[in-house]
Amino acid sequence: MPELPEVETIARDLNAAGVAGKTLTGARVYWDRTIAEPSVTEFCRLIKKKKIAAVGRRGKFLVIDFTGGGHMLMHLRMSGRLHLVSSGAERLPHEHVVFAFEDGSELRFHDTRKFGRVYLMADVERVLGRLGPEPLDPMFTPRVLFEGMRKRSRLVKPLLLDQGFVAGLGNIYTDEALWEARIHPRRLSDSLSQKEAEALHAAIRKVLRRGMKNLGTSLGTGKANFYSVGRRRGRNRDALKVFRRTGEPCARCAAPVQRIIVGQRSTHICPKCQTLKGFKGSRDRGSEG
DNA sequence: GTCTATGTTTGCGG
DNA sequence: TCCGCAAACATAGA
């Protein structure tokens with residue numbers, strides 16, 4: 001569920017709520033598999049008396065640094081959320097991990113689908129080191145994108161979703177960026193011209209920045225939907241051009257938006273703006289050409 | 001009952 | 001070795 005803009009929104013909300021500076025008194029775990037490492041017993045033992053120094057983000061990971069060393073990573077996967085409540089609040093269904101602070105407040109990890117994971121580690125490199133560049137970092141230049149695309153022969157969309165290639169893009173922002181750059185998701189990565197790579201680079205940054213400005217994308221009202229801390233919804237949905245807009249007119253050319261499947265993922269394109277015509281080695285299965 | 005879902009990992013076969 | 005694909009994780013909503 002949450003992609004880079006959503007995780008960033010959560011990190012900012014936690015900071016705005018004054019989480020940095022709080023000291024943990026302990027954690028209670030109600031679904032063991034949410035704790036990726038160490039063991040639940042060790043996790044609960046080690047987390048006591050840890051003081052939060054900072055809350056940040058890397059890719060789709062929320063990164064919590066403790067004073068005097070140690071870090072906690074949280075990955076929300078499909079349906080994870082964070083609730084900041086007072087310790088007296090009744091525990092809701094799906095609140096699988098409860099972190100208690102000295103001041104009587106609690107941070108609760110809520111996750112209906114139970115795919116989310118929490119890590120406690122001395123050195124985050126083993127996990128975060130596998131991530132590709134931050135798309136909004138100056139290190140991520142149009143050339144880095146172009147060369148990275150060129151030295152592989154992958155379908156463009158699955159490559160953008162690969163967190164080891166670039167960190168933080170998910171299904172929503174990838175579809176939006178490809179539409180913005182007018183690139184078909186089934187193009188082969190090494191078939192992109194430098195100009196196309198530049199357009200894609202600009203598009204990625206544009207849709208991510210807009211997503212953050214709008215505090216993330218919330219879709220329906222379902223339980224698996226994005227909510228930031230304090231149950232606030234993002235308002236980026238109206239800014240989406242193709243994602244879950246099947247049949248609606250393309251904002252550029254008015255052709256009806258199509259839904260296709262690419263790399264097992266639901267994918268939304270404008271069949272007129274994003275075409276495969278003229279690219280050898282690309283296949284257009286299931287959608288029109 | 002059926003299909004779909006904003007994510008990631010693993011194992012298989014080409 | 002690289003790549004795409006299917007399945008697995010687990011639950012809710014349409």
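The sequence lines fix the lettering, A, B, ..., with proteins before strands; numbering per chain opens at 1. Only heavy atoms go into these numbers, but all of them, side chains included; no hydrogens, no water, no symmetry mates.
- The main-chain N or O of A:Val144 is never found under 3.5 Å from a side-chain atom of A:Glu147 such that the two would form a donor-acceptor pair.
- Side-chain atoms of A:Tyr227 and A:Arg81 form no donor-acceptor pair, as typed in the model, at a separation below 3.5 Å.
- Aromatic rings of A:His96 and A:Tyr30 (six-membered ring for Trp) have centroids beyond the 6.0 Å cut-off, not under it.
- Computed from coordinates, the A:Arg265 CZ to C:dG4 P distance equals 15 Å when rounded to whole Å.
- Each of A:Asp111 and A:Ser153 has a nearest nucleotide on DNA chain C; the 5'-most of these lies closest to A:Ser153.
- With no hydrogens or angles considered, a side-chain donor-acceptor pair links A:Lys22 and A:Ser105 at under 3.5 Å.
- Once you apply a 4.0 Å limit to the heavy atoms of chain A, the touched nucleotides of DNA chain B run 5' to 3' over B:dT4 to B:dT9.
- Side-chain contact of A:Asn236 with A:Lys213: a donor-acceptor pair under 3.5 Å is absent, judged by distance alone.
- No engagement by A:Glu6 is indicated, since no non-hydrogen atom pair under 4.0 Å with the nucleic acid exists.
- Contacts between residues 119-136 of chain A and DNA chain B, defined by a heavy-atom separation below 4.0 Å, involve A:Arg130, listed by number.
- Spacing between B:dC3 and C:dA6 at atom P, rounded to whole Å, works out to 15 Å.
- Remark: DNA chain C forms stems of 3 or more consecutive Watson-Crick or G-U wobble pairs, all pair distances under 3.5 Å, at B:2-5 with C:11-14, B:7-14 with C:2-9.
- Among the atoms of the strands shown, base atoms are found under 4.0 Å from some heavy atom of A:Leu219.
- Aromatic pair A:Phe140/A:His201: ring centres closer than 6.0 Å.
- A straight line from CZ of A:Arg152 to C1' of C:dG4 spans 15 Å, rounded to a whole angstrom.
- One finds a side-chain N or O of A:His94 lying less than 4.0 angstrom from the OP1 or OP2 phosphate oxygen of C:dA12.
- Rounded to a whole Å, the NE2 atom of A:His96 is 11 Å from the P atom of C:dA10.
- The CZ atom of A:Arg81 sits 12 Å away from the C1' atom of C:dT11 (whole-angstrom rounding).
- Against DNA chain B, the stretch residues 236-246 of chain A makes heavy-atom approaches under 4.0 Å through A:Phe243, A:Arg244.
- Comparing C:dA7 with B:dT2, their P atoms sit 16 Å apart, to the nearest whole Å.
- Judged purely by distance below 3.5 Å, without hydrogens or angles, the side chains of A:Lys157 and A:Thr267 pair a donor atom with an acceptor atom.
- Taken from NE2 in A:His110 to CG in A:Leu82, the straight-line distance is 11.0 Å, to the nearest 0.5 Å.
- Protein atom CZ of A:Arg186 is 16 Å distant from nucleotide atom C1' of C:dC3, rounded to whole Å.
- Distance, A:Met149 CE to C:dC3 C1': 15 Å, rounded to whole Å.
- The number of heavy-atom neighbours closer than 6.0 Å to NZ of A:Lys51, taken from other residues, nucleotides and ligands shown, is 12 or below.
- With hydrogens and angles ignored, the 3.5 Å screen pairs no side-chain donor or acceptor of A:Thr275 with any backbone N or O of A:Lys272.
- Considering every non-hydrogen atom in both A:Glu3 and A:Tyr173, the closest pair reads OE1-CD1, 2.8 Å.
- By the 6.0 Å and 45° rule, A:Arg252 stacks over the aromatic ring of A:Trp179.
- A pairwise comparison of heavy atoms in A:Val242 and A:Glu176 identifies N-OE2, 2.9 Å as the closest pair.
- With 3.5 Å as the limit, one finds a donor-acceptor pair spanning the side chains of A:Ser153 and A:Asp190.
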Please table the atom pairs, donor to acceptor, closer than 3.5 Å between any side-chain atom in residues 120-131 of chain A and protein atoms at least two apart or in another chain.
{"from": "A:Asp123", "atom 1": "OD1", "to": "A:Glu125", "atom 2": "N", "distance (Å)": "3.0"}
{"from": "A:Arg126", "atom 1": "NH2", "to": "A:Glu37", "atom 2": "OE1", "distance (Å)": "2.6"}
{"from": "A:Arg126", "atom 1": "NH2", "to": "A:Glu37", "atom 2": "OE2", "distance (Å)": "2.5"}

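- Under the side chain to side chain contact (heavy atoms under 4.5 Å, CB included) test applied with A:Leu240, the options A:Ile172, A:Asn214, A:Val207 reduce to a single match, A:Ile172.
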Review item, nucleotides 7-9 of chain C N/O atoms under 3.5 Å of protein N/O:
{"from": "C:dC9", "atom 1": "O3'", "to": "A:Arg33", "atom 2": "NH2", "distance (Å)": "2.9"}

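- Rounded to a whole Å, the CZ atom of A:Arg187 is 19 Å from the C1' atom of C:dG4.
- Side chains of A:His83 and A:Glu95: a donor on one and an acceptor on the other come within 3.5 Å.
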